[in-house]
Amino acid sequence: MKTLNQPIRTALKMTAVYAFALSTAVACGKFKGNTVIKATANGTGTVVREGTPGPVTNTNITIDRVQTVFLGEDEFSPFAWSLKMDVTHGGRALVFETYPSVNPFNEDGVQKNFGSINYVAKGVCGVESCSKFAVMLNVTDSSNGASHQRVQYWDLLLSNVAPQKTYTDSDFTSVTEAYEAASGQQLPNN
């Protein structure tokens, strides 16, 4: 009976050592680097091609592409995402990147002025994997008071090439409000 218990004890010891090593690796992976994303205006915006923007109108401003980018270092990292928007305004090309948080769910935005034109881009994830999200772009020209708002709601499980809903010249006060209206679901932790 003594020889039967020894393999069981050895197996239990090996399991305990493996569990300890795994938990240590997970803990080190979670606390390595700065992966905490605050729900403030952490986003970035740049002009990548300068050109004449023209008027602030529905037909002159487009959101050409939206990408979700996982910001974690490895598979053990907490969920952290950025939403990157490629925007065209007349002959001007811009890139905006927002960093919405998912635990809790909070939107993020960026505000940039280029000449008399003010751009405000916002994004929010609707699920931890950020496969459902909304982006919002507000453009205002201070020289004549013209303004435009464009909102897109995406569900990547349904399509990763086109948004499910697009709102043009809407009057949403936040991208969270737009996400909830488009998806029919309220964001958790709000």
Who else is in Val127's hydrophobic cluster (ILVMFWY, side-chain heavy atoms under 4.5 Å, direct or via others)? none
Measure the CD-CD distance between Gln164 and Gln152 for me, rounded to the nearest 0.5 Å. 10.0 Å
If the condition is side-chain hydrogen bond (donor to acceptor under 3.5 Å, both in side chains), which residues does Thr140 pass it with, not counting sequence neighbours? none
Kindly give the cluster partners of Val47, where membership spreads through any ILVMFWY side chain lying under 4.5 Å from a current member. Val56, Ile61, Ile63, Val66, Leu83, Met85, Val87, Leu94, Phe96, Val110, Phe114, Ile117, Tyr119, Phe133, Val135, Leu137, Val139, Trp154, Leu156
All side-chain contact (heavy atoms from CB on, under 4.5 Å) counterparts of Thr52, not counting sequence neighbours: none
If the condition is side-chain contact (heavy atoms from CB on, under 4.5 Å), which residues does Asp171 pass it with, not counting sequence neighbours? none
Going by the disulfide (SG to SG under 2.5 Å) test, which pairs reach into residues 116-162, not counting sequence neighbours? Cys125-Cys130
Look at the side chain of Glu128 and the backbone N and O of Val102, then say whether any donor-acceptor pair between them is shorter than 3.5 Å. no
Taking only residues two or more places apart in sequence, or in another chain, which ones meet Thr173 in a side-chain contact (heavy atoms from CB on, under 4.5 Å)? Glu177
Counting N and O atoms only, with roles assigned by atom type, does the side chain of Glu97 sit under 3.5 Å from a partner on the main chain of Ser82, one being a donor and the other an acceptor? no
Derivation and outcome, ring-ring contact (aromatic ring centres under 6.0 Å, His included), residues Tyr99 and Trp81: CA-CA 6 Å; Tyr99 302 92; Trp81 301 93; over 10 Å; no
Taking all heavy atoms of Ala178 and all of Val151, pick out the closest pair and write down the distance. CB-CG1, 3.6 Å
Residue pair Thr168 / His148, side-chain heavy-atom distance below 4.5 Å: yes
What pairs with Ser142 under side-chain hydrogen bond (donor to acceptor under 3.5 Å, both in side chains), at least two apart in sequence or on another chain? none
Among all residues two or more places apart in sequence or in another chain, which pass the salt bridge (Lys or Arg N to Asp or Glu O under 4.0 Å) test with Arg150? none
Pair Arg49-Arg92, side-chain contact (heavy atoms from CB on, under 4.5 Å): steps then yes or no: CA-CA 6 Å; Arg49 185 185 71 236; Arg92 178 183 286 170; over 6 Å; no
For Ser183, which residues count as a side-chain contact (heavy atoms from CB on, under 4.5 Å) partner, sequence neighbours excluded? Tyr153, Tyr179, Gln185
My understanding is that only residues two or more places apart in sequence, or in another chain, count here; which of them pass salt bridge (Lys or Arg N to Asp or Glu O under 4.0 Å) with Asp169? none
Would a distance-only check, ignoring hydrogens and angles, find a side-chain to backbone donor-acceptor pair under 3.5 Å from Thr46 to Val48? no
Quick one: does Lys122's side chain have a donor or acceptor within less than 3.5 Å of a partner on Val175's backbone? no
Mind checking the CD-CG spacing from Gln67 to Asn160? Nearest 0.5 Å is all I need. 11.5 Å
Any side-chain to backbone donor/acceptor pair from Asn60 onto Pro55? Under 3.5 Å, distance only. yes
For Ser116, enumerate each residue passing the side-chain hydrogen bond (donor to acceptor under 3.5 Å, both in side chains) test, keeping only those at least two apart in sequence or located in another chain. Asp141
Shortest non-hydrogen contact from Glu107 to Ser174? OE1-CB, 3.5 Å
Please report the interatomic distance OG1(Thr62) to NE2(His89), rounded to the nearest 0.5 Å. 10.0 Å
